[in-house]
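This report refers to the structure that appears directly beneath it.
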Amino acid sequence: MHQGRVVYGAIEEVVFGHPAAEAIVAQMDRLGTRRAFLMVSGTLNRQTDEITKIREALGERCAGLFDAMPAHTPREAVIAATHAAREVNADLIVTVGGGSITDGAKAVQLCLANGIDDIGGIERIRVHKGVAPEMTAPTVRQISVPTTIAGGEFSAIAGVTDRSTNVKQMLRHPLMVPRATILDPAITVHTPEWLFLSTGVRAVDHCVEAICSRETHPYADAQSMKGLAMLADALPRVKSDPADLDARMDAQIGTWLSMGALAAGVPMGASHGIGYALGAAFDVPHGYTSCVMLPAVMRWNAPDNAERQMIVAAAMGFPGRDAADVLDAFIRSLGMPRSLAEVRVSPEHFDAIAAQAMRTNWIPHNPRRIDSPAQVREILLLAA
């Protein structure tokens with residue numbers, strides 16, 4: 001008999017297929033907000049007119065703009081954005097960009113609500129040993145226009161990097177999730193191909209690790225399986241024709257579905273746990289960590305969850321095939337890296353990566369039990 005608990009998150013709306021500028025204005029009207037603080041991609045701001053279109057649509061309701069959030073959301077940039085949002089008395093944060101910007105805004109919400117004004121203060125709001133501390137709930141919330149498809153705009157979790165230790169730390173609060181997410185495929189055409197497709201593999205990773213989890217349930221499976229099928233179909237279409245907005249829309253909706261299991265309480269496994277360590281310590285982009293690690297994790301886990309892995313292969317259109325082989329071929333077909341060597345991580349670093357991965361929240365939930373860094377090292381060797 002199934003047992004579990006599904007908590008419906010605080011996201012209120014997902015708007016898809018409408019132009020971003022128009023949809024942001026409609027959301028501000030719905031929410032009754034007057035002072036939007038834009039946290040946006042610097043590249044999008046400087047090299048396209050997309051941010052200008054949004055600022056013009058908002059008019060006086062655009063209170064300020066921040067476009068200096070680096071990859072992996074370092075604490076320093078979070079604090080700089082917090083100061084800027086506080087100075088303009090923002091009543092809403094609007095993000096336009098990738099996962100680091102989305103996570104940055106989530107962190108800013110908590111900093112604003114809890115009086116955090118320096119990088120040391122983030123210690124007070126971050127997750128310690130899997131437990132989020134007591135804190136004041138954010139009142140200045142966010143809406144998100146993602147330009148990549150890793151899916152962070154659907155979660156109440158953020159990763160923020162402590163550069164003093166090169167460790168990515170988790171922040172978590174139910175009201176961190178955006179009040180609304182706007183999926184506009186047209187704004188994603190500016191995203192570099194490698195970034196769009198690799199973050200799509202990150203979404204595939206969400207689906208696969210959820211399907212393979214020992215803690216999954218039918219509600220989560222339904223979303224993960226449909227999301228995986230949509231992503232497996234859509235990403236090659238985007239690769240073959242970057243101007244195909246229908247394919248981009250399908251990839252975005254597949255990503256939305258890929259986050260359903262995580263939002264419903266199904267944990268990720270070793271691919272995500274090792275990915276956290278690779279991203280923070282070696283600056284490997286999030287999408288690339290999944291491209292490199294997911295097939296290796298599947299091979300290592302296969303003795304314990306072969307039946308669930310069959311569901312993965314079938315959802316991707318290859319019933320009866322080895323899921324790790326299917327994923328390997330799929331990722332290669334997108335032109336993505338498939339080894340740690342390709343992302344400049346060598347075996348001399350494996351012990352440190354393994355030790356760091358053991359401290360993440362996901363390793364304890366891997367479907368094949370991991371008791372020691374030596375087992376993580378076995379997975380890293382499969383991905384070398």
Side-chain angles (χ1 to χ4, degrees), residues 148-151 191-213 221 224-242 244 246-248 250-255 257-258 261 268-272 274-275 278 284-345 366-368 378-384:
T148 59
I149 49 173
T191 304
E193 180 188 78
W194 74 268
L195 183 56
F196 189 87
L197 295 177
S198 67
T199 54
V201 176
R202 185 72 168 177
V204 166
D205 198 352
H206 298 324
C207 296
V208 170
E209 290 219 297
I211 290 167
C212 292
S213 172
D221 279 350
S224 298
M225 290 161 64
K226 179 63 175 177
L228 181 56
M230 290 190 74
L231 287 159
D233 173 69
L235 292 175
R237 287 159 54 209
V238 175
K239 169 80 172 173
S240 106
D241 180 6
D244 185 345
D246 286 334
R248 289 176 178 271
D250 285 351
Q252 288 184 302
I253 292 174
T255 296
L257 290 167
S258 83
M268 301 291 97
S271 180
H272 279 73
I274 295 169
L278 290 173
V284 180
H286 263 148
Y288 279 2
T289 66
S290 292
C291 294
V292 169
M293 293 312 309
L294 181 58
V297 168
M298 294 289 278
R299 291 191 203 287
W300 195 84
N301 285 340
D304 282 39
N305 69 348
E307 189 173 320
R308 296 300 293 182
Q309 293 201 19
M310 289 173 65
I311 298 172
V312 170
M316 296 185 72
F318 295 94
R321 292 274 299 279
D322 179 89
D325 287 347
V326 171
L327 285 161
D328 176 57
F330 177 75
I331 295 165
R332 286 180 193 279
S333 76
L334 297 176
M336 296 293 106
R338 276 295 301 113
S339 70
L340 288 165
E342 289 176 79
V343 293
R344 296 186 294 282
V345 177
N366 191 63
R368 181 179 171 188
E378 291 174 11
I379 301 171
L380 291 168
L381 286 168
L382 289 172

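What you see is a predicted model, and the numbers here were worked out from it, not measured in a lab. Numbers here simply count residues along the sequence, with the first being 1.
- Of the inter-residue distances, the one linking L231 atom CG with Q252 atom CD reads 11.0 Å to the nearest 0.5 angstrom.
- How far CG of L340 is from CE of M293: 5.5 Å, rounded to the nearest 0.5 Å.
- Once rounded to the nearest 0.5 Å, the distance linking CG of N366 with CD of E209 reads 6.5 Å.
- Checking side-chain atoms of S271 against main-chain N and O of V297 turns up no donor-acceptor pair under 3.5 Å.
- Nearest heavy-atom pair across A251 and A234 is N-CB, 3.6 Å.
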**OP:** Check the pair H286, T199 against side-chain contact (heavy atoms from CB on, under 4.5 Å), reporting the backbone distance first and the verdict last.
**Re:** CA-CA 7 Å; H286 263 148; T199 54; 5.7 Å; no
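- Side-chain contact between M298 and D322 is absent, with no heavy atoms from C-beta onward closer than 4.5 Å.
- A pairwise comparison of heavy atoms in A150 and T255 identifies C-CG2, 4.1 Å as the closest pair.
- At most 12 heavy atoms of other shown residues, nucleotides or ligands fall within 6.0 angstrom of atom NZ in K226.
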Subject >> Candidate pair D325 and R299, rule side-chain contact (heavy atoms from CB on, under 4.5 Å), full reasoning >> reply: CA-CA 9 Å; D325 287 347; R299 291 191 203 287; 2.9 Å; yes
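- Nearest heavy atoms, P337 versus E342: CA-OE1, 3.5 Å.
- Looking at heavy atoms from C-beta onward, L327 lies in side-chain contact with M316 at the 4.5 angstrom threshold.
- Applying the salt bridge (charged side-chain N to carboxylate O under 4.0 Å, His left out) rule to D328 yields the partners R332, R338; only residues at least two apart in sequence or on another chain are considered.
- Taking the charged nitrogens against the carboxylate oxygens, D241 and R248 have no contact shorter than 4.0 Å, which rules out a salt bridge.
- With hydrogens and angles ignored, the 3.5 Å screen pairs no side-chain donor or acceptor of H206 with any backbone N or O of A261.
- The closest side-chain heavy-atom distance from R368 to N305 is not below 4.5 Å.
- Counting only distance, with no hydrogens or angles, the side chain of S333 and the backbone of F330 share a donor-acceptor pair below 3.5 Å.
- Within the model, atoms CG of L197 and CG of L334 stand 5.5 Å from one another, a figure rounded to the nearest 0.5 Å.
- In this structure, CG on D221 lies 11.5 Å from CG on L228, to the nearest 0.5 angstrom.
- Considering every non-hydrogen atom in both F196 and T191, the closest pair reads N-CG2, 3.8 Å.
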Original post:
Passes side-chain contact (heavy atoms from CB on, under 4.5 Å), V204 versus S290? Steps please.
Top reply: CA-CA 9 Å; V204 166; S290 292; over 6 Å; no
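- Between G227 and C207, the shortest heavy-atom contact is C-SG, 3.9 Å.
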Subject >> Residues H272, R202; criterion side-chain contact (heavy atoms from CB on, under 4.5 Å); working and verdict >> reply: CA-CA 9 Å; H272 279 73; R202 185 72 168 177; 3.7 Å; yes
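- In this model, no donor atom of one side chain and acceptor atom of the other lie less than 3.5 Å apart for R308 and S213.
- When side chains are defined from C-beta on, V292 does not count as touching V345, because their heavy atoms never get closer than 4.5 Å.
- In this structure, CH2 on W300 lies 11.5 Å from CG on L380, to the nearest 0.5 angstrom.
- Partners of D233 according to the salt bridge (charged side-chain N to carboxylate O under 4.0 Å, His left out) rule, which considers only residues two or more places apart in sequence or in another chain, are R237.
- Put simply, the side chain of C212 does not reach to within 4.5 Å of the side chain of N301, judged on heavy atoms.
- Annotation: side chain of D304 is not in contact with side chain of P367 (no heavy-atom distance under 4.5 Å).
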